[in-house]
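Here is the structure we will look at, set down as structure tokens.
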Amino acid sequence: MPAGVVKASLPVCQSAAMCEPEEVSQQVWSTWILEAIRKIRSQKQRPSVERICHAIRQHHNYHEDVVAEHLEAAVKEGSVLKVFNKGQSSYKDPGGMQSRTLKIEKGLDLTKVVTKAVRELGERDGSSLKSIEKYIRQSHTVEETAENDLKGALRMAVKRAVSRNFILQDGKTFKYNYNQHNPALRKKQEASKRLSGSCEDFNNLPKCLKIERK
DNA sequence: TCGTGCGCACCTG
DNA sequence: CAGGTGCGCACGA
């Protein structure tokens, strides 16, 4: 934890156009960050911390660390969603998907949702029920009632997900079970379940299905 | 070199 | 099978 927050991290105001005379609120930062993310995504690239910093610094003259700080704050605040994908962190606009409504009802099974949340959170030491809940609230519009609230549903779902081996419990936290969800393994498991294999060759076909386009 | 654009492979639902 | 994601590379300024 780097301490000195009150360091001289002021922008190098050489050009007036580069400087914001206003007191840049966290809300403004979130806007900038979301803009950056949109831009990067439109370039089909990963919105990583580095790229987001870079994109913002093209318009605002702040030190990278300052940008990174505000990015973190935005994540905490919930205006930016941090996800773990393909081995690295990415950031996305929650608004893009919050149209997804999650209506908590009696029979509803949140196993899949929980599993996905744990995977996308990608926390090294596992994710607590708390952070899972937070993540789901950020990525969905949750409709709940006093009898059927998200937290309760999650408790059940987590339990089921663990027993189904979708996720692994480690004390108070949960981790994604990459073995259970490994595509290759899954194929084999499914195959050996249904048929009793002699079609391994069949699954082994190369990509000779290349279709000429254009 | 730097910013942008994009084909395509890869996942996941 | 559809839709999202991002690597790797090519292209123009």
Side-chain angles (χ1 to χ4, degrees), chain A residues 12 14-15 17-18 32-64 67-68 71 75 80-105 107-123 127 132 135-142 153-154 157-158 160-162 164-168 174-191 193-194 202-214:
Chain A
V12 196
Q14 298 199 337
S15 127
M18 275 291 199
W32 291 351
I33 293 168
L34 258 15
E35 245 169 43
I37 290 175
R38 199 156 31 80
K39 179 179 181 179
I40 295 165
R41 274 303 304 147
S42 80
Q43 293 170 193
K44 295 191 180 179
Q45 300 194 335
R46 179 191 293 269
S48 59
V49 189
E50 294 78 20
R51 285 207 165 88
I52 291 172
C53 285
H54 191 81
I56 289 181
R57 287 178 82 250
Q58 287 184 305
H59 303 285
H60 312 285
N61 202 356
Y62 291 96
H63 192 285
E64 308 169 5
V67 181
L71 175 56
V75 171
V80 173
L81 202 49
K82 181 179 185 179
V83 301
F84 192 75
N85 199 13
K86 301 186 182 177
Q88 294 172 57
S89 292
S90 283
Y91 297 83
K92 53 161 69 172
D93 184 349
M97 46 193 334
Q98 257 169 3
S99 51
R100 273 206 225 267
T101 300
L102 200 55
K103 196 169 183 181
I104 313 298
E105 290 170 321
L108 182 59
D109 183 18
L110 288 177
T111 302
K112 296 281 182 56
V113 182
V114 161
T115 305
K116 189 180 172 203
V118 170
R119 176 172 52 78
E120 292 184 340
L121 278 164
E123 300 182 291
S127 303
I132 294 174
Y135 182 84
I136 291 177
R137 286 191 188 283
Q138 284 177 185
S139 47
H140 300 77
T141 299
V142 179
L154 283 182
V158 154
R160 298 197 58 182
V162 168
R164 290 219 251 164
N165 263 300
F166 288 170
I167 59 178
L168 304 172
F174 305 90
K175 296 177 185 171
Y176 186 70
N177 185 353
Y178 278 95
N179 284 327
Q180 176 66 20
H181 292 269
N182 179 311
L185 275 175
R186 191 169 56 200
K187 268 185 188 173
K188 280 188 181 174
Q189 288 175 355
E190 282 177 4
K193 236 179 223 173
R194 303 174 182 277
F202 191 74
N203 288 330
N204 230 1
L205 48 83
K207 36 192 166 182
C208 47
L209 296 177
K210 208 159 199 171
I211 303 173
E212 279 283 14
R213 259 311 204 143
K214 188 195 186 145

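Scope of the values below: all heavy atoms of this structure, side chains included, with no hydrogens, waters or symmetry mates.
Listed nucleotides B:dC6, B:dT4, B:dC10 differ in distance to A:Q43; the shortest reach to its side chain belongs to B:dT4. You'll find that the side chain of A:Q58 is closest to B:dG3, out of B:dG7, B:dG5, B:dG3. For A:N85, the listed nucleotide lying nearest its side chain is C:dT5; candidates were B:dT4, C:dT5, B:dT12. Checked against B:dG3, C:dG6, B:dT4, the side chain of A:K39 finds its nearest nucleotide in B:dT4. Minimum atom distance to the side chain of A:H54 is reached by B:dG3, of the listed B:dC6, C:dT5, B:dG3. The listed nucleotides are C:dC7, B:dG13, B:dT4; the one nearest the side chain of A:K116 is B:dG13.
In this structure, the CZ atom of A:R38 is 13 Å from the P atom of B:dG5, given to the nearest Å. Distance, A:R51 CZ to B:dT4 P: 11 Å, rounded to whole Å. Rounded to an integer number of Å, the gap from A:R119 CZ to B:dC11 P is 11 Å. For A:R41 and B:dG3, the CZ to C1' distance is 17 Å, given to the nearest whole Å. Atom P of nucleotide B:dT4 and atom CD of A:Q45 are separated by 9 Å, given to the nearest angstrom. Remark: P of B:dT12 and CG of A:N177 are 13 Å apart, rounded to the nearest angstrom. Rounded to an integer number of Å, the gap from A:F84 CZ to C:dT5 P is 16 Å. The distance from atom CD1 of A:I40 to atom P of C:dG8 is 17 Å, rounded to the nearest whole Å.
The phosphate of C:dT5 (OP1 or OP2) has a side-chain N or O of A:K92 nearer than 4.0 angstrom. Dashed line: the shortest gap from a side-chain N or O of A:R46 to OP1 or OP2 of C:dT5 is not under 4.0 Å.
Heavy atoms only, all atoms of each residue included: A:I104 and A:A153 are closest at CG2-CB, 3.9 Å. The nearest pair of heavy atoms linking A:A161 to A:T115 is CB-OG1, 3.9 Å. Of all the heavy atoms in A:V83 and A:Y135, the pair that sits closest is CG1-OH, 3.3 Å.
Using bins of under 30°, 30° to 60° and over 60° for the plane-to-plane angle, the ring pair A:H60/A:Y62 lands in the tilted bin.
Under the 4.5 Å side-chain criterion, counting only non-hydrogen atoms from C-beta, A:N177 is not in contact with A:I167.
When heavy atoms are screened at a 4.0 angstrom cut-off, A:S90 is found touching the sugar-phosphate backbone but no base atom.
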